[in-house]
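These notes are about the structure you will find just below.
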Amino acid sequence: MKIATWNVNSLKVRLPQVLEWLAANSDVTALCLQETKMDDPVFPLAEITEAGFHVAFAGQKTYNGVAIIARAPIEDVVINIPGFEDAQKRVITATVNGVRLVGAYIPNGQDLESDKYQYKLAWLNALISWLKTEMAAYPQLALLGDYNIAPEDRDVHDIKKWQGGVLVSEPERAAFEQLQALGLVDAFRLFEQSEKSFSWWDYRGFSFKKNAGLRIDHILLSQELAARCRACSIDIEPRKNERPSDHTPVIATLD
DNA sequence: ATGGCACCAAATTGGTGA
């Protein structure tokens, strides 16, 4: 099976591209979406189910919002991080084909002096402690989503430009390392990849054309899933669309 | 140093993202 993640930056705008992508990638069993930016009552449930998919979602208007679209039944859905009070809809967890999928939209943080940065670090702490118990209950677990963290300098097109800022700061990278310390493995780095592989490019300044991007969308796999993982790739094709999302899908292939 | 682009809600601009 293949599992995937994609920050679509408004599902209202991107739904046709999502359905088109799923049709073109018919071997993707489950796709986690971030930044749907839609309240639940206006979520395009009918369009997605009529296209033959199962779907679970937790939305809000304007900001955030997450969903899972799957070709197999979606079971045991959990919204947000249990035990962590959060007005923002950033996590949806469910089991598909026996795999526990945690779809996450980790906060951006804005800048190091912002309250949003403190929220990001507290949020990551809550995620890490909850995942400890979730992984014990579900050994086959994947954490997929927009992490808003570039884990290493090679994940940044121009580290000098980003140095000292949000997405690359030491506390954020330390949180990423704590996720790895739980036993989670960066699926992308299990395999040889071309240099300057990124998952996000700024809309401004022809960033995509110049490949001035960041790798901030990730699939982390538990040990049991890492053992089943045969490939992991970033699909830059949708970034070439008219009105693209600024993020592109990341896909992991499991036995 | 700043804005640049896109999206959204509300409004003819500002907040947020990364």
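Lettering of chains follows the sequences in order, A, B, ..., and the numbering in each one begins at 1.
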Original post:
Reading nucleotides 3-14 of chain B 5' to 3', which nucleotides get B (base under 4.0 Å from a protein heavy atom), which S (sugar-phosphate only), which -?
Top reply: -BBSSSS-----
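- Side-chain atoms of A:R215 never come within 3.5 Å of backbone atoms of A:K196 as a donor-acceptor pair (strictly under, hydrogens ignored).
- Rounded to a whole Å, the CD atom of A:Q60 is 11 Å from the P atom of B:dG17.
- For the pair A:K116 NZ and B:dT16 P, the interatomic distance rounds to 4 Å; values are reported in whole Å.
- Between the C1' atoms of B:dA1 and B:dT13, the separation comes to 23 Å (whole Å).
- Judged purely by atom type and a 3.5 angstrom limit, A:T29 has no side-chain atom pairing as donor or acceptor with the backbone of A:M1.
- Put simply, OH on A:Y147 is 17 Å from C1' on B:dA18, counting in whole angstrom units.
- When atom types are taken as modelled, the side chain of A:H247 and the backbone of A:I216 share no donor-acceptor pair closer than 3.5 angstrom.
- To the nearest angstrom, P of B:dT16 lies 11 Å from CG of A:N64.
- Under the 3.5 Å distance criterion, the side-chain polar atoms of A:E172 are matched with a main-chain donor or acceptor of A:L167.
- Other members of the hydrophobic cluster containing A:V55, listed by chain and number, are A:W6, A:V8, A:L11, A:L15, A:V18, A:L19, A:W21, A:L22, A:V28, A:L31, A:L33, A:M38, A:V42, A:F43, A:L45, A:I48, A:F53, A:F57, A:I69, A:I251; membership follows side-chain contacts under 4.5 Å among ILVMFWY residues, whether direct or relayed.
- Here side chain to side chain donor-acceptor pair (under 3.5 Å) pairs that include residues 124-134 of chain A, with residues two or more places apart or in two chains, are A:R100-A:E134.
- Here A:N7 lies in heavy-atom contact (under 4.0 Å) with sugar-phosphate atoms only.
- Here, B:dC8 and B:dA18 have their P atoms 14 Å apart, quoted to the whole Å.
- Contact annotation: the side chain of A:D186 never approaches that of A:E152 to less than 4.5 Å [non-hydrogen atoms, C-beta and beyond].
- Across B:dT16 and B:dA10, the matching P atoms stand 15 Å from one another, rounded to whole Å.
- Under the side chain to side chain donor-acceptor pair (under 3.5 Å) criterion, the residue pairs touching residues 64-79 of chain A are A:Q60-A:N64, A:N64-A:Q88, A:N64-A:R90, with sequence neighbours excluded.
- Applying the side chain to side chain donor-acceptor pair (under 3.5 Å) test to every pair with at least one member in residues 35-47 of chain A, sequence neighbours left out, gives these pairs: A:N7-A:E35, A:N9-A:K37, A:E35-A:Y105.
- Taking atom CZ on A:R90 and atom C1' on B:dA18, their separation rounds to 13 Å, with Å as the unit.
- Taking a 4.0 Å limit (strictly below) on heavy-atom distances, residues 211-218 of chain A reaches DNA chain B at A:L214, A:I216.
- The P atoms of B:dT12 and B:dT2 are separated by 26 Å, rounded to the nearest whole Å.
- Residue A:F206 is classed as having no contact, given no heavy-atom separation below 4.0 Å to the nucleic acid.
- Checking the phosphate oxygens (OP1, OP2) of B:dA18, a side-chain nitrogen or oxygen of A:H247 falls inside 4.0 Å.
- In this entry the distance linking CD of A:E172 with P of B:dA18 reads 12 Å, nearest Å.
- The nearest whole Å value for the distance from the OH atom in A:Y117 to the P atom in B:dA18 is 15 Å.
- When all heavy atoms of A:A187 and A:C229 are compared, the closest pair comes out as CB-SG, 4.3 Å.
- If you take CG of A:L167 and C1' of B:dT16, they are 13 Å apart, rounded to a whole angstrom.
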